[in-house]
Structures are given as structure tokens and as C-alpha cells.
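First listed ligand is number 1; within each ligand, the first listed atom is number 1.
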Amino acid sequence: MSMEEMLTSANQDGPLAAALTQLDDAADLISLDDSVHQKLRKPKRIITVSIPTAMDDGSFKVFTGYRAQHNMDRGPCKGGIRYHPDVTLNEVIALAMWMTWKCAVVNIPYGGAKGGVICSPKDMSQGELERMTRRFTTELVEVIGPEKDIPAPDVYTNAQIMAWIMDTYSMQKGYSVPAVVTGKPISLGGSLGREAATGRGCVFTIREAMKRLNIDATSSTFVVQGYGNVGAWAARLLEPLGPKMIAASDSRGGCYSADGIPVQELIAHKAETGSVVGFPGTDAVTNEELLELDCDVLIPAALENSINEDNAGQIKASIIAEGANGPTTPAGQEILNDRGIFVIPDILANAGGVTVSYFEWVQGLQSYFWSEAEVNKQLEDIMVRAFDRVYCEHEERNCDMRAAAMAVAVGRVAEAVHMRGIYP
Ligand code: GLU
């Protein structure tokens with residue numbers, strides 16, 4: 001299938017169709033030059049690889065992996081790698097496009113990329129994951145690198161997987177190259193504060209939104225869909241600011257208590273049992289019911305498309321802070337707009353992760369490491385500045401926060417494209 005066919009055949013409810021609609025809307029809003037618009041609708045490069053992997057039972061599996069590099073006009077490509085059974089190439093392209101806008105909205109010098117492997121990591125042993133990761137890295141060795149494209153963790157990938165990528169890449173080059181990935185273990189040049197960074201950044205944007213909307217944090221409530229790295233860290237850092245968590249979920253289901261659920265205890269329960277389900281003193285809720293609970297702040301931190309035209313009309317939160325990438329469809333967003341719900345879009349709300357990835361890359365290149373306090377302070381500066389810039393745009397253009405963030409981001413990328421010119 002040609003790239004054109006793939007883009008035009010993008011499933012109308014899928015993430016690529018959503019990403020293209022958002023770009024087209026931004027292009028209209030800022031009167032984007034048509035040649036730049038056409039260029040930005042397509043990824044710069046997509047790579048599909050087969051990943052033959054020996055399984056523990058003596059069998060052999062050939063996994064499929066992707067890396068999409070959407071844009072590198074403002075610097076090397078940056079973006080995570082996800083391991084999930086539902087990964088598709090269209091999804092990876094959409095996620096790469098969102099990374100371009102995310103890096104631009106917080107004004108860090110990167111373009112966007114994303115990778116994914118179709119697999120069920122929960123059913124694989126550490127050995128299987130290691131062999132699959134090392135072979136995937138080997139297949140990508142020519143297209144990734146500290147000046148080209150720098151992977152990081154995403155859904156169901158973690159610091160250990162980044163360590164295997166760093167080691168495999170370094171073995172191929174013949175010397176250690178820590179800056180080829182971010183989200184590494186601290187012992188290999190990871191940054192202090194990286195693990196909490198996406199959740200921390202999300203909380204900074206919620207705090208700023210509450211100030212603007214005059215919501216009293218101490219009497220407010222929040223709900224988290226997806227109690228993984230992003231959701232649980234956001235909960236952990238939001239709770240001390242005053243709001244009470246009344247529900248949380250993961251892929252197995254959710255739990256709810258109007259009296260509040262202690263964040264740290266729920267983290268311990270999930271670590272012990274593998275899920276938030278069944279936390280003592282709570283009632284069971286489904287992922288769908290949880291989204292419609294009465295609360296002030298809803299943090300969707302799971303996968304794409306969870307807020308859509310079927311449920312957006314029932315959401316009761318005042319603020320939605322998108323910890324996940326692409327949780328709200330364009331049709332869902334329209335309904336939320338009509339109902340006056342304030343959405344902090346993914347490219348702003350979850351940009352804390354890639355921002356500290358940038359700090360990790362800078363520290364690695366300089367072999368000079370910062371204190372955690374320094375990392376958190378610099379993160380706060382960037383997140384607050386980006387929030388303010390987007391909020392001003394939202395007021396000036398009288399548009400929702402996503403359109404405002406896209407206007408800022410696409411405008412910055414377009415400026416870089418103009419200054420460079422289209423080669424040759
Ligand atoms: N996967 C994260 C995201 O979607 C982090 C990417 C990175 O640090 O490069 O933003």
C-alpha cells in the first residue's frame with residue numbers, strides 16, 4: 001500500500017484520522033501555507049521490520065515492529081516505543097505526528113517519531129522480551145541514534161527495555177552511546193526525575209488550569225483512567241495539592257469510593273495483585289463507567305479513543321487532563337466543547353515525559369548530571385511557560401485548548417520548515 005493510500009484509508013475512527021483532522025483544523029486556523037501543510041500530513045519515513053525471536057518453549061515467533069519518523073525540521077526525531085497487541089502502523093504514524101507537535105509546544109529542539117511492536121508483553125518472559133528488543137534494535141540501527149532519532153519508553157516498555165536498546169546499539173557501534181535512548185536506568189545515564197516526569201508535568205498543567213478556572217483544589221476530586229506509570233504518578237503528585245482521588249482503573253477494571261482512595265495504598269495494592277481491582281473499601285466500576293463519574297478532574301491515562309461521541313455527553317468533569325496520547329476523538333472533543341469542559345490536550349498535558357527525556361539527552365551528551373531538584377525546577381518552568389502560551393492563544397483565538405496548542409506547535413514547525421526551505 002502506498003503512503004497516500006494508507007493515509008486516505010485511515011480508519012475514520014482511528015488515531016491517524018484524528019491526528020490528520022487536528023492538523024487540518026490547525027492549518028485552517030493559522031492559514032498554513034499549503035506546501036507545508038501537505039508536507040506535514042505525511043511522515044518523513046516509516047520503517048517496518050520483522051523480528052524473529054526464539055521463545056522459551058523452543059518455538060520461534062516473528063514479531064512485526066514499526067518506527068515512524070514524522071518530522072525532523074526542528075531537530076532529531078524523538079518518541080517512545082510501545083509493546084502492545086493492538087499496535088498498528090497507522091496508530092504509530094499518528095503517535096509520531098503527535099510527538100512532533102508535543103516537542104514543538106514545549107519548545108524543545110526535536111521532531112517526532114514513534115515505534116511499536118505487535119506483541120503481548122504481559123505473556124512474555126524477561127528473556128523473550130530481551131531477545132525481541134535486541135533484534136528490533138538491530139533492525140533499526142541505521143535509523144536511530146543520538147543525532148537522528150532517540151527512542152524512549154511508552155505503553156508497556158520501561159527502563160530495562162531502554163537499557164537493552166542502549167546496550168545493543170552500543171555493541172553494534174563498538175562504544176557506549178547512552179544518548180541513543182532516554183528513560184534509561186539511572187546507573188546507565190538516566191535522568192533523576194524521568195520516571196515521574198510525565199505525571200509531574202500533567203499535575204503542573206492541572207494546577208495551572210485550576211487557577212485559571214478558579215477551582216478550589218482542596219475541595220475537589222479526581223479520577224484516573226489507566227493506573228500505570230503516568231496515571232499513578234499524576235495521582236501521587238496531585239493528591240498533596242488537595243484533590244481527593246475517588247476512582248482509578250487499569251486494563252482489568254476499576255475501583256470507586258466517594259470517600260476517597262489513598263493513592264499510595266492503591267499503588268501498593270496494584271504492585272501486589274497486578275491490578276487496582278478489588279481495593280478494600282471500594283466498589284467495582286468498569287472503565288466506561290469511570291469516565292462518567294461526577295468529579296472535577298478526569299485524567300485519561302490509558303490508550304487512544306477512550307473519550308468519543310458515545311460517552312462525551314455523559315462526562316461530568318470540569319477539567320480533562322490527557323495523560324494518554326490521543327484519548328479524545330475529534331467528535332468527542334466537539335461535544336466536550338459544547339458542554340464547556342476544559343480539556344488540557346495530550347500534546348501539552350503529557351509533555352513532561354519528553355521534556356525530561358530532553359534533559360536526559362542533554363545530560364548524557366555533556367556527561368554532566370543534574371540534581372533531581374534541578375530537573376523538577378526546569379520541568380516546571382517549561383510546563384508553566386507552555387501552559388501560559390497555549391492559554392493566551394486559546395483566549396486570543398477564542399478556540400479550545402487543543403486547537404490553541406496545535407496552532408502554537410504547527411506554527412513553530414512551519415516556521416522551521418520555511419527557514420530551512422524545501423530541499424532541493
Ligand atoms: N512516550 C512518551 C510520550 O508519548 C515519552 C517520549 C519520549 O520521552 O521521547 O511522550
Suppose we screen for ring pair (Phe, Tyr, Trp, His ring centres under 6.0 Å). Which residues come up paired with F63, at least two apart in sequence or across chains? none
Should the ring pair Y391 and F387 be called parallel, tilted or perpendicular, given that the plane angle runs from 0 to 90° and is split at 30 and 60? parallel
For Q22 and W98, which I'm curious about, is there any donor-acceptor pair between the side chains at under 3.5 Å? yes
Return the set of residues passing side chain to side chain contact (heavy atoms under 4.5 Å, CB included) with A159 (not counting sequence neighbours), or none when no residue passes. P185
Near ligand 1, at a heavy-atom separation below 4.0 Å: residues by chain and residue number: K78, G79, G80, M99, K102, K114, A152, P153, D154, R194, N325, G353, V354, S357
Determine which pairs satisfy salt bridge (Lys or Arg N to Asp or Glu O under 4.0 Å) with at least one residue from residues 148-176, sequence neighbours left out, and list them in order. R67-D149, R82-D154, K114-D154, R134-D167
Are R74 and Y110 in a cation-pi contact, defined as NZ or CZ under 6.0 Å from the six-membered ring centre and within 45° of the axis? no
